[in-house]
Amino acid sequence: MGTTVVTGGAGFIGSNYVRHLIQHTDDDVIVLDAMTYAANESSLAGLPGQRVRLVRGDIADAEVVDAVVKGADVVVHFAAESHNDNSLNDPSPFIQTNLVGTFNLLEAVRRHEVRYHHISTDEVYGDLELDDPNRFQETTPYRPSSPYSASKAGSDHLVRAWVRSFDVRATISNCSNNYGPRQHVEKFIPRQITNVIDGVRPRLYGAGLNVRDWIHVDDHNSAVLAIVERGRIGETYLIGADGEMDNKSVIQMILRLMGADEHAYDHVNDRPGHDLRYAIDSTKLRTELGWAPQYRNFEEGLAATIDWYRRNEAWWRPMKAATEAKYAKTGQ
Ligand SMILES: NC(=O)c1ccc[n+]([C@@H]2O[C@H](COP(=O)([O-])OP(=O)(O)OC[C@H]3O[C@@H](n4cnc5c(N)ncnc54)[C@H](O)[C@@H]3O)[C@@H](O)[C@H]2O)c1
């Protein structure tokens with residue numbers, strides 16, 4: 001396809017996407033990343049320098065964005081402030097990056113007629129009751145609950161408006177919760193794994209009944225590439241791998257897989273406004289584009305992820321203490 005710009009390519013999903021592109025395409029990649037606390041340059045270690053270039057820059061800066069997008073063939077936009085808890089403490093960077101940043105990218109791809117894919121989340125749909133037989137579909141109305149999900153919802157609306165008003169060649173995907181290598185230790189699964197490695201009891205928000213629909217990051221990324229290559233312009237695709245599980249069961253599974261007592265965790269304050277359940281119906285993606293997840297067994301994917309964190313302590317150790325200090329302030 002030529003040159004793909006991957007915004008947020010030094011973060012969790014973006015860096016795994018860069019690896020996916022290098023393995024499965026002939027594309028050259030420009031990573032545009034502001035290198036915030038969530039980025040890790042070593043996530044790009046070992047990639048071929050002649051195909052991957054890192055540009056440090058803020059997507060809220062229109063000039064930087066224009067210079068990078070000009071001459072590219074595709075932009076895949078992962079960059080975001082991505083952590084719900086942070087958005088409750090200080091929503092301001094979420095507005096700048098997720099809304100203003102997306103606006104700048106849309107203006108640049110419009111100006112230079114570049115194909116654009118927008119990465120979003122199922123959290124834009126709000127939450128479901130535990131016993132609701134329905135799952136989220138592309139037609140589900142938007143009902144975001146947190147500053148994070150509201151900023152992502154707003155960015156999705158911008159993309160749709162730019163398609164309709166300016167004929168920008170864009171697609172959108174909304175994915176469920178990802179897990180896998182290179183995820184920041186502030187996030188639920190890596191936080192618990194690294195706590196157990198450190199001999200600290202995992203922390204469960206509230207009663208732990210909240211259900212998430214887990215997908216391995218490599219499955220998310222194979223779906224994104226399928227949409228970039230074969231998706232219909234203007235369409236939205238939901239990405240999910242039928243991985244519903246409540247948070248308490250995930251913690252117990254981590255403890256078991258790590259050889260610890262599965263009851264050795266503590267309950268802490270719940271997140272304000274904590275969404276109860278997310279669940280994705282990915283029929284459209286599967287039938288239209290023939291996509292299927294490779295990680296069909298969550299326990300196996302989780303065991304592989306635990307193994308990665310055990311073998312890559314140098315990757316996560318530098319951010320662990322500061323992350324726990326932040327949580328200590330809210331009693332979580
Ligand atoms: N993690 C999940 O479970 C999940 C699920 C569905 C969708 N998503 C979406 O996927 C995308 C990637 O999520 P992630 O978990 O990899 O996030 P992450 O926090 O690990 O990485 C975000 C990256 O974006 C960069 N960034 C932040 N602000 C920037 C700015 N102003 N300019 C340039 N770069 C900036 C950061 O430095 C970081 O490298 C986000 O859009 C998120 O909303 C995530």
Side-chain angles (χ1 to χ4, degrees), residues 5-20 30-44 54-62 64-65 68-69 75-87 92-105 117-125 136 144 146-156 159 172-191 212-217 219-221 223-224 237-241 243 275 278 280 282 305 315-316 319 323:
V5 171
V6 178
T7 71
F12 166 44
I13 309 174
S15 65
N16 283 293
Y17 187 69
V18 174
R19 286 175 190 281
H20 193 80
I30 300 174
V31 170
L32 173 58
D33 199 301
M35 304 307 286
T36 70
Y37 80 96
N40 195 329
E41 201 167 341
S42 60
S43 293
L44 297 169
L54 170 63
V55 175
R56 287 163 198 267
D58 188 338
I59 56 168
D61 181 334
V64 168
V65 168
V68 171
V69 168
V75 171
V76 183
H77 175 35
F78 290 93
E81 284 292 335
S82 69
H83 194 39
N84 260 310
D85 289 324
N86 291 342
S87 83
S92 151
F94 288 74
I95 304 305
Q96 280 307 312
T97 292
N98 300 359
L99 286 167
V100 177
T102 299
F103 163 72
N104 286 335
L105 282 157
H117 181 71
H118 185 72
I119 303 292
S120 192
T121 164
D122 61 354
E123 299 188 29
V124 299
Y125 300 117
F136 298 139
S146 71
Y148 164 65
S149 52
S151 67
K152 293 297 293 187
S155 71
D156 294 6
V159 178
I172 299 175
S173 56
N174 298 78
C175 188
S176 57
N177 282 57
N178 285 221
Y179 71 97
R182 305 179 188 84
Q183 186 170 28
H184 195 285
V185 293
E186 71 186 352
K187 301 293 197 307
F188 178 61
I189 287 180
R191 183 176 182 216
R212 299 293 176 260
D213 189 352
W214 293 101
I215 181 171
H216 193 280
V217 64
D219 284 331
H220 182 178
N221 283 330
V224 170
Y237 296 86
L238 261 56
I239 306 174
D275 281 342
Y278 306 132
I280 288 262
S282 57
T305 304
W315 183 93
W316 57 265
M319 50 183 108
T323 302

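Both ligands and their constituent atoms are indexed starting at 1 by order of listing.
Among all protein heavy atoms, the one lying closest to atom 7 (C) of ligand 1 is Ser120 O, 3.2 Å. In terms of protein heavy atoms, atom 21 (O) of ligand 1 is closest to Gly11 CA, 3.5 Å. Of the protein's non-hydrogen atoms, the one nearest atom 39 (O) of ligand 1 is Asp33 OD2, 2.6 Å. Considering only non-hydrogen protein atoms, atom 3 (O) of ligand 1 sits nearest to Asn178 N, 2.8 Å. From the protein, the heavy atom lying nearest to atom 32 (N) of ligand 1 is Ile59 N, 3.0 Å. When hydrogens are left out, the protein atom nearest atom 10 (O) of ligand 1 is Ile119 CG2, 3.4 Å; that is the closest non-hydrogen contact. Shortest contact from atom 13 (O) of ligand 1 to any protein heavy atom: Ile13 CD1, 3.8 Å. Protein heavy atom nearest atom 34 (N) of ligand 1, with residue, atom name and distance: Ala34 N, 3.0 Å.
For ligand 1, the atoms lying closer than 4.0 Å to a non-hydrogen atom of Ala79 are 24 (O), 34 (N), 35 (C). Within ligand 1, the atoms closer than 4.0 Å to a non-hydrogen atom of Asn177 are 3 (O), numbered from 1 in the order shown. Heavy-atom contacts of Ala10 reach the following atoms of ligand 1: 39 (O) (cutoff under 4.0 Å). For ligand 1, the atoms lying closer than 4.0 Å to a non-hydrogen atom of Thr121 are 6 (C), 7 (C). Those atoms of ligand 1 that come under 4.0 Å of a heavy atom in Ala38, given as number and element, are 19 (O). Within ligand 1, the atoms closer than 4.0 Å to a non-hydrogen atom of Thr36 are 27 (C), 28 (N), 36 (C), 37 (O), numbered from 1 in the order shown.
Nearest-residue assignment for atom 19 (O) of ligand 1 (options Ser82, Cys175, Ser155; heavy-atom criterion): Ser82. Here the shortest heavy-atom distance to atom 41 (O) of ligand 1, taken over Gln96, Lys152, Glu123, Met35, belongs to Lys152. Which of Tyr148, Phe12, Phe78 comes nearest to atom 43 (O) of ligand 1 through a heavy atom is settled by distance: it is Tyr148.
Atom NE2 of residue His77 and atom CD1 of residue Ile172 lie 11.0 Å apart, to the nearest 0.5 angstrom.
Tyr17 and Phe78 have tilted rings, their planes meeting at an angle from 30° to 60° on a 0 to 90° scale. Ring pair Phe188/Trp214 is parallel by interplanar angle, where below 30° counts as parallel and above 60° as perpendicular. Taking the six-membered ring where the residue is Trp, His184 and Tyr37 present perpendicular rings, their angle passing 60° and hence far from 30°.
At least one heavy atom of Asp58 sits less than 4.0 Å from an atom of ligand 1. At a 4.0 Å cut-off, at least one heavy atom of Ser176 sits close enough to ligand 1 to count as contact. Proximity of Gly57 to ligand 1 is established by a heavy-atom distance of less than 4.0 Å.
Of all non-hydrogen atoms in Ser155 and Leu99, the two that sit nearest each other are N-CD2, 3.5 Å. Contact detail for Val124 and Ser149: the closest heavy-atom pair is CG1-O, 4.0 Å.
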